[in-house]
Amino acid sequence: MGRLTVRRPVLRVRPGSPPRHRPDTLVVEEPLEIRVDGNPLAVTMRTPGHDIELALGFLVSEGLVRDASDVKAARYCSDVVDGADDNVVDVTVVPAVKEHVQHLVRNVTITSACGVCGRTSLDTVRTGSPYDITSDPVTTTTQLLATLPETLRSRQNVFERTGGLHAVGVFTPGGELIVLREDVGRHNAFDKVVGWALQQSSLPLSGLLALVSGRASFELVQKAALAGLPVLAAVSAPSTLAVDLADEVGMTLVGFLRGESMNIYTQAQRVVALG
């Protein structure tokens, strides 16, 4: 696995002080090629680390894989000639999944800011969830939701050194952090969490809450739906498509979660003790 951070020289300028040269810590961004049975499927710009989870979560988010039994193996490739073998992951899948992979068409490289780029039609963008999220009985409170951002931030080790990473955390209804992943891309961090759940045979993530450190985009709501998450919260704003999709699948979507204030956009009945 490559380094998560590097030190680079910068000229620091601050009011009231003369400019001075000093080292700065930057988060690493490198391409990861995801292959299925040896065939290239996609390239994403990511922060190295938990790459197997990222590849597996990507396949879940594409609607190609549903549980661990769909995957035979996942490993770094050892036949990469340029020495960047830690930047290529190959996933071996069962025959039924392999047939579905052949129908997935990608025309452009996915970047750290793009989770659904290159799809050929809107129909392929809106991938249906295999889980019944509407009937998930989990509830939470505004008081508990208010504690999640600080819990997430306190566990973002790389963010503390760089300020350049997004994070996704999955919590129990009691506020216990189960898993946290960081990445330069929000969608990558979410895929890493989903890939972790797949490896743990924990899909769907029923009865749990997820928090994202940035905004709630359509792609993140879709990833949450495909993982069976009933509650998704974000510290920033959602988009119109994100709200529409959350409402469609029966997911509780919370935005602008900052301190004790928040907006509940959909399925507010899961949030009790309001006010």
Side-chain angles (χ1 to χ4, degrees), residues 57-58 60-66 113-117 119-149 152 166-173 175 178 185-191 193-194 197 202-275:
F58 174 81
V60 173
S61 296
E62 293 296 326
L64 299 172
V65 166
R66 292 191 178 185
C114 175
V116 292
C117 299
R119 293 298 190 90
T120 56
S121 72
L122 288 177
D123 289 339
T124 61
V125 168
R126 188 182 289 271
T127 305
S129 173
Y131 307 116
D132 180 14
I133 298 173
T134 301
S135 62
D136 195 307
V138 68
T139 60
T140 186
T141 67
T142 55
Q143 291 85 352
L144 184 136
L145 287 171
T147 68
L148 301 187
L152 189 74
H166 291 287
V168 175
V170 176
F171 298 81
T172 67
I178 299 175
R186 285 184 300 267
H187 65 281
N188 286 336
F190 218 114
D191 280 344
V193 165
V194 175
S202 297
L203 290 179
L205 293 171
S206 306
L208 299 173
L209 295 66
L211 174 66
V212 298
S213 61
R215 64 186 180 88
S217 63
F218 169 86
E219 63 194 14
L220 293 190
V221 172
Q222 179 164 281
K223 290 177 186 295
L226 286 163
L229 273 163
V231 180
L232 176 64
V235 299
S236 193
S239 67
T240 56
L241 280 179
V243 173
D244 291 345
L245 181 59
D247 190 50
E248 178 183 316
V249 301
M251 182 187 302
T252 299
L253 180 62
V254 179
F256 292 108
L257 180 55
R258 300 170 183 176
E260 296 182 356
S261 65
M262 64 197 74
N263 292 343
I264 305 172
Y265 291 90
T266 59
Q267 306 298 320
Q269 76 277 1
R270 287 197 180 98
V271 184
V272 298
L274 296 171

With rounding to the nearest 0.5 Å, note down the distance linking NE2 in His166 to CG in Asn188. 10.0 Å

What are the two closest non-hydrogen atoms of Thr266 and Val243, and how far apart are they? CG2-O, 3.6 Å

Rounding to 0.5 Å, atoms CZ (Arg186) and CZ (Arg215) come to a distance of 4.5 Å

Could you work out, with side-chain contact (heavy atoms from CB on, under 4.5 Å) as the rule, every residue matching Thr141, not counting sequence neighbours? Gln143, Leu144, Val272, Ala273

Using a cut-off of 6.0 Å, state whether more than 12 heavy atoms not belonging to Gln269 lie near its atom CD. yes

Nearest 0.5 angstrom please: Asp191 CG to Glu62 CD, how far? 8.0 Å

Considering only heavy atoms from C-beta outward, does the side chain of Thr139 approach that of Pro173 to under 4.5 Å? no

Can you name the residues that form a side chain to side chain donor-acceptor pair (under 3.5 Å) with Ser135, not counting sequence neighbours? Asp132

Between Leu145 and Leu209, which heavy-atom pair has the shortest distance, and what is it? CD2-CD2, 3.8 Å

I'd like to check Thr172 versus Ile178 (side-chain heavy atoms, cut-off strictly below 4.5 Å). Are they in contact? yes

Results of side chain to side chain donor-acceptor pair (under 3.5 Å) for Asp247 - residues two or more places apart only: none

Write down the atom of Ala146, the atom of Gly259, and the distance for their closest heavy-atom approach. CB-O, 3.1 Å

Would you be so kind as to tabulate the donor-acceptor pairs closer than 3.5 Å made by side chains of residues 224-231, with sequence neighbours excluded?
none

Within the 4.5 Å heavy-atom criterion, are Arg258 and Ser236 side-chain neighbours or not? yes

Using every non-hydrogen atom in the two residues, find where Val221 and Ala246 come nearest and quote the distance to one decimal. CG1-N, 3.7 Å

Do the side chain of Asn263 and the main chain of Tyr265 share a donor and acceptor less than 3.5 angstrom apart? no

To the nearest 0.5 Å, how far apart are CD in Glu260 and OG1 in Thr142? 8.0 Å

Between side-chain atoms of residues 250-257 and protein atoms elsewhere (two or more places apart, or another chain), which donor-acceptor pairs fall under 3.5 Å?
unit_1	atom_1	unit_2	atom_2	d
Thr252	OG1	Gln267	O	2.8
Thr252	OG1	Arg270	NH1	3.0

Working to the nearest 0.5 angstrom, can you tell me the gap between Phe218 CZ and Asp244 CG? 9.5 Å

Value rounded to 0.5 Å, distance of CG in Leu220 from CG in Leu232: 7.0 Å

Can you list everything that forms a side chain to side chain donor-acceptor pair (under 3.5 Å) with Tyr131? Sequence neighbours excluded, please. none

